[in-house]
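Below is one structure; the comments refer to it alone.
Chain A is the first sequence line, chain B the second, and so forth, proteins listed ahead of strands; every chain is numbered from 1. Every heavy atom of this structure was used, including side-chain atoms; hydrogens, water molecules and symmetry mates were not.
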There are 2 protein chains.
Amino acid sequence: MAASTGQLCPQRLTMEHVTSRWGVLVLIRLQERPHRFAELRRAIDATESVGPVTEKMLAQTLQSLERDGMVNRDAKPVVPPHVEYSLTELGHEAAVQIRALALWTNDRMDQVEKARETYDASKGRA
Amino acid sequence: MAASTGQLCPQRLTMEHVTSRWGVLVLIRLQERPHRFAELRRAIDATESVGPVTEKMLAQTLQSLERDGMVNRDAKPVVPPHVEYSLTELGHEAAVQIRALALWTNDRMDQVEKARETYDASKGRA
DNA sequence: CAGTATCCGACACGATACTG
DNA sequence: CAGTATCGTGTCGGATACTG
């Protein structure tokens, strides 16, 4: 009868936003320098071994991060539109944490893959 | 035509496992000391502002982490079954990263909530 | 005790089309 | 250029029941 799904504490929500698939990439890209929307999109698309971001997901990710106070959205009132996204102080702190995690993951990736093979070999077919 | 969903690089998978809802809690709990299955379950259930884990999800989380080489599963051949879960060296490293992220999130949570209110106030009803 | 098996609803995500 | 709206589907995750 309960609400079941959706019962997340606010911390969980925040973590989901910053550790989400595109959240991670956005934070890391914006850590380097501010980006415009399409620019960010292209930067992410160019990232090796990462599929393309849809506009929808990028917009959604940026909105989550903006709402959480991680990202500043600076829309200059010109035509055609020119919007710059950058990290807030909070967002910068988040990026540091995320970057550390991402780098560690990359570092240990071969260990992890080795472990997976071993595990699968002993489990997949006894 | 492509597979669309599911096209994740292995790093992404690893991050999903360790940053997942229950992955985080398992890593943090096991960082303190080894736990048995039900013990771990109760420990997590007792965590404030976190809903209960189903057996399914806990088992699944532990298997992912074991497969990734983060968790050791030590099943003692006694009856009734006695299984101890502990962190590997790799898992300990992961726990350090995750713990840092979790602590940071907790630390900044009020800033985030404040940001959310501000955002919602200016967006939710202009 | 320590899981596995099955069913099922919610929603995250992608594809596509449209707008200021 | 920088998005929003809508739709379809695959997957996650919870509830429940069963097993060694």
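Looking at heavy-atom distances under 4.0 Å, A:Gln63 makes contact with sugar-phosphate atoms alone, never a base.
A:Lys56 has its NZ atom 9 Å from the P atom of C:dA12, to the nearest Å. Across the protein-nucleic acid pair, B:Leu40 atom CG and C:dG3 atom P stand 10 Å apart, rounded to whole Å. Nucleotide C:dA17 holds its P atom 12 Å from the CD atom of A:Glu55, rounded to whole Å. The distance between atom NE2 of B:His82 and atom C1' of C:dA2, rounded to the nearest whole Å, is 11 Å. As rounded to whole Å, 13 Å separates atom C1' of D:dG14 from atom CG of B:Asp45. Here C:dG3 presents its P atom at 17 Å from CH2 of B:Trp22, a figure rounded to the nearest Å. Atom-to-atom, CZ of B:Arg12 to P of D:dC12 comes out at 13 Å; the value is rounded to the nearest Å. When the P atom of C:dT4 is taken as reference, atom CE of B:Met57 falls 13 Å away, rounded to whole Å.
The environment of B:His92 atom NE2 is sparse: at most 12 non-hydrogen atoms of other residues, nucleotides or ligands sit within 6.0 angstrom.
Contact between the side-chain N/O atoms of B:Arg21 and the OP1/OP2 oxygens of D:dG14 is found at a separation under 4.0 Å. The side chain of B:Tyr85 contributes an N or O atom lying less than 4.0 Å from OP1 or OP2 of C:dG3.
With a 3.5 Å ceiling on both atom-pair distances, the Watson-Crick or G-U wobble partner of C:dC13 is D:dG8.
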Inset, instruction - Check the pair A:Arg29, A:Thr47 against side chain to side chain donor-acceptor pair (under 3.5 Å), reporting the backbone distance first and the verdict last. - result: CA-CA 10 Å; A:Arg29 285 300 175 175; A:Thr47 307; 3.1 Å; yes
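Residues A:Glu39 and A:Arg33 are paired through a salt bridge, judged by an N-O separation under 4.0 Å between the basic side chain and the carboxylate.
Distances were taken from every side-chain heavy atom of A:Ala59 (C-beta onward) to each of C:dG14, D:dA17, D:dG3; the shortest belongs to D:dG3. The nucleotide whose nearest atom lies closest to any side-chain atom of B:Arg36 is, among C:dA15, D:dC1, C:dA2, C:dA2.
The residue among A:Glu16 and A:Arg73 whose nearest nucleotide of DNA chain D is located toward the 5' end is A:Arg73. Along DNA chain C, the nucleotide nearest to B:Leu62 and the one nearest to A:Gln60 differ in position, and the one closer to the 5' end is contacted by B:Leu62.
With a 4.5 Å cut-off on side-chain heavy atoms, A:Val112 and B:Gln11 do not count as touching.
Linking Ile, Leu, Val, Met, Phe, Trp and Tyr whenever their side-chain heavy atoms come within less than 4.5 Å leaves B:Leu27 and A:Tyr119 in two separate clusters.
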